[in-house]
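Data block below; observations after.
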Amino acid sequence: MTGTDPASASATPDRPVRTRFAPSPTGDLHIGGVRTALFSWLYARHCEGEFLLRIEDTDRKRSTEEAIAVILTGLRWLGLIADQPPVLQSQRLDRHKKAIQQLLDADKAYRCYCTPAELARMREQAMADGGKPRYDGRCRDRADKPAALRPVIRFKNPPAGEVVIDDLIQGRVVYRNAELDDLIIARADGSPTYNLSVVVDDADMQITHVIRGDDHLNNTPRQINIFRALGQTPPHYAHLPLILGPDGSKLSKRDGSTSILACKAQGLLPSAVLNYLVRLGWSHGDQEIFSLAEMIALFDVRQVNKSAAALNLEKLAWLNQHYMKISPVADLLALAEAQFERAGVALADGPGLTELLAVQKERVKNLQELVEQSRFFYEDIVAYDKAAAKKHLRPAILPAMELLAGRLAALTEWTGADIKAVIDTLATELNMNMGRLAQPLRVAVTGGAISPGIDMTLALLGPDKVQQRLHTALEYIRRRARAG
RNA sequence: GCUCCCUUCGUCUAGCGGUCCAGGACGCUGGCCUCUCACGCCGGUAACAGGGGUUCGAGUCCCCUAGGGAGCACCA
């Protein structure tokens, strides 16, 4: 246990693969955490193992119910479902305390009576001596028990030898035990600390592969030592490189644009977010588009890059547009409906969502854009887009528009094809380009210069709304003509 | 300060000693298509951090430097 012993650092347990995602519920679930969850989930699926969720909510001051809800709903939205009910770390206190007692009994832990002031001095001294701020182990063999002081409990880290981590991503990383100090495993009030809890939980949950951010790499040798002191075999480790913000800086938990909630609010599709994330640090040749089934079949943590990746929001947007385009209408229905509801747009008075999606999904980047560019189907035009009206609703077009309104009113069949025929015929008769007629019409019925093909736009709008809006537009043009 | 990790186009990446005057994708950009927007199609732009080795040959192996990151709590 104290010597170099690479073989047992990550012994291969002969049991099915089991991964876990273990977030602490202290804020928004950001996109970096989601990727960690995705990789853990993918690896479990790939190996036909299990993926578990553990909420590390032992920091009562910072953990919140809302944050737990965000994690749960976020993962559900993405489809990263755990195979068992989530484990709440806060409910495992007894197990943690038992483990602490076990270490105490085995003389692998001891009580430390040093005061905070004493520890601070020790750190300063260590720094001054050119080392890292560490505890010197002075209470290891302390015989007295000062009644006035409430002790913490420290783990007896092996003093010599080294810990070898054969990390699935980082490769072999070696730490000398001399670099590690005796960390606190129980606070003065008896509550267990992070490194102890993690080890006990991972052991009890029979986790075989710990896939987490590489900010934990430095904790790993300590955790491996605790595993062994507890008589357990450490799991395999895979430390993922961190994700950086679009500007290359550290991803902030408070950065609104990178939280999973924000992605949803922006109308991004789960499939796009997943596809974007899987390509951050992992690739399969030149392939950019991966279905869930392909990800599961092809993904292997061992292929993940070691370097940090910066977020490229434009590429996410592009992928999202791609998925808007290729997703069957049926798959988008529920997501789109929710987005309209969030935006406060009532769908009752307008085309059905299925029909709308059929024409709109190919031309919008995300669901938010879908809502914004479809409002006019459901809500009255409050005002014309200024530039569009100025350019297209001018007096010169009045005769043509009046003719058009008449012919559309005479239509008995209100289909895209019939509408198109009317417009084409009139354009030919008047010797106009299709566009010279279509644009004013578009502004008249949508209020702006952007919409699906004019025939489909009118078809979806229905004859009544079209007539009503055309008359309003004709009045507008006449008024403008009179005004000179 | 100490320990550990990283370094190919602006960004994500391919590359696992010769097939690389470095490939794909996003972005940007020229053109085509076109009733608007978008899509699509054709083309362009742009990178092996620097320096030493090893080798017949290095983006690919080794070392150093520089730069970046993480951790070093009675937080998780």
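Lettering of chains follows the sequences in order, A, B, ..., and the numbering in each one begins at 1.
Side-chain proximity of A:Ala188 to the nucleotides B:C74, B:U3, B:A76 is greatest for B:C74. The A:Pro133 side chain lies nearest to B:G1 when the options are B:A14, B:C74, B:G1. Distances from the side chain of A:Glu179 to the nucleotides B:C74, B:U3, B:C4 place B:U3 closest. Here B:U13 is the nucleotide among B:U13, B:A73, B:A76 with the atom lying nearest to any side-chain atom of A:Ala309.
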Close N/O contacts between protein and nucleotides 58-69 of chain B (under 3.5 Å):
none

Please write out each protein N/O paired with an N/O of nucleotides 20-23 of chain B under 3.5 Å, distance rounded to 0.1 Å.
residue : atom : partner  : partner atom : Å
B:G23   : N2   : A:Asp286 : OD1          : 3.1

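Between the C1' atom of B:C74 and the OH atom of A:Tyr113 lies a distance of 15 Å, rounded to the nearest Å. Distance, A:Arg154 CZ to B:A73 C1': 10 Å, rounded to whole Å. In this structure, CD1 of A:Ile289 is placed 18 Å from P of B:C12, rounded to the nearest angstrom.
Remark: B:G1 base-pairs with B:C72; criterion is Watson-Crick or G-U wobble with both hydrogen-bond distances under 3.5 Å. For B:G30, the paired nucleotide is B:C42, the pair qualifying as Watson-Crick or G-U wobble because both relevant distances are below 3.5 Å. The pairing partner recorded for B:C35 is none, the criterion being a Watson-Crick or G-U wobble arrangement whose two distances lie under 3.5 angstrom. Here B:G18 sits opposite B:C56 as a Watson-Crick or G-U wobble pair (both hydrogen-bonding atom distances under 3.5 Å). Pairing for B:U11 goes to B:A25, judged as Watson-Crick or G-U wobble with the two contacts each under 3.5 Å. Across the strands present, B:G67 finds its partner in B:C6; the criterion is a Watson-Crick or G-U wobble pair with both atom distances under 3.5 angstrom.
Applying the 4.0 Å criterion to OP1 and OP2 of B:A76, one finds that A:Arg60 has every side-chain N and O outside that range.
For A:Phe299 and A:Phe290, the distance between ring centers is not under 6.0 angstrom.
Where A:Trp282 and A:Lys132 each meet RNA chain B at their nearest nucleotide, the meeting point lying more 5' is that of A:Lys132. The residue among A:Lys325 and A:Lys61 whose nearest nucleotide of RNA chain B is located toward the 5' end is A:Lys325.
Within 4.0 Å (heavy atoms only), A:Ser191 reaches no atom of the nucleic acid at all. The residue A:Ala310 sits close only to the backbone: its heavy atoms come under 4.0 Å of sugar-phosphate atoms, none of a base. Contact annotation for A:Asn219: base contact, defined as any heavy-atom pair under 4.0 Å involving a base atom. Nucleic acid contact for A:Val173: sugar-phosphate only, since backbone atoms but no base atoms lie under 4.0 Å from a heavy atom of the residue. The residue A:Tyr276 sits apart from the nucleic acid: no heavy atom pair falls under 4.0 Å. Using a 4.0 Å heavy-atom distance criterion, A:Arg62 is classed as a base contact. Within the 4.0 angstrom heavy-atom criterion, no nucleotide atom of any strand lies near A:His239. Using a 4.0 Å heavy-atom distance criterion, A:Lys365 is classed as making no nucleic acid contact.
At a threshold of 4.5 Å between non-hydrogen side-chain atoms, the residues A:Leu103 and A:Lys156 do not count as touching.
For the P atoms, the distance from B:G44 to B:G1 is 48 Å, rounded to whole Å. B:C39 and B:U65 have their C1' atoms separated by 50 Å, given to the nearest Å. Of the C1' atoms belonging to B:A58 and B:G67, the separation is 23 Å, rounded to the nearest Å. Remark: the separation of the P atoms in B:U34 and B:U13 is 39 Å, to the nearest Å. As rounded to the nearest Å, B:C64 and B:C26 have C1' atoms that lie 36 Å from one another. Using P as the reference atom, B:U60 and B:A49 are 8 Å apart when rounded to the nearest Å.
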What string of B, S and - do you get for nucleotides 26-38 of chain B, 5' to 3', if B is base contact, S is sugar-phosphate-only contact and - is no contact with any protein heavy atom under 4.0 Å? BS-------BBBS

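Side-chain contact of A:Arg212 with A:Thr220: a donor-acceptor pair under 3.5 Å is present, judged by distance alone.
A donor and an acceptor atom never sit less than 3.5 Å apart when one is taken from the side chain of A:Gln287 and the other from the base of B:G24.
With A:Ile207 as the partner, the side-chain contact (heavy atoms from CB on, under 4.5 Å) test is satisfied by one option alone out of A:Val198, A:Leu52, A:Thr19, A:Asp201: A:Leu52.
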Please test A:Asn366 against A:Asn320 for side chain to side chain donor-acceptor pair (under 3.5 Å), starting from the C-alpha separation and ending with a verdict. CA-CA 6 Å; A:Asn366 54 54; A:Asn320 201 75; 5.7 Å; no

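Note that A:Arg222 lies outside the cation-pi zone of A:Phe155, set by a 6.0 Å cut-off to the ring centre and a 45° limit from the axis.
Salt-bridge formation is not detected for the pair A:Arg92/A:Asp57: no Lys NZ or Arg NE/NH1/NH2 atom is positioned less than 4.0 Å from an Asp or Glu carboxylate oxygen.
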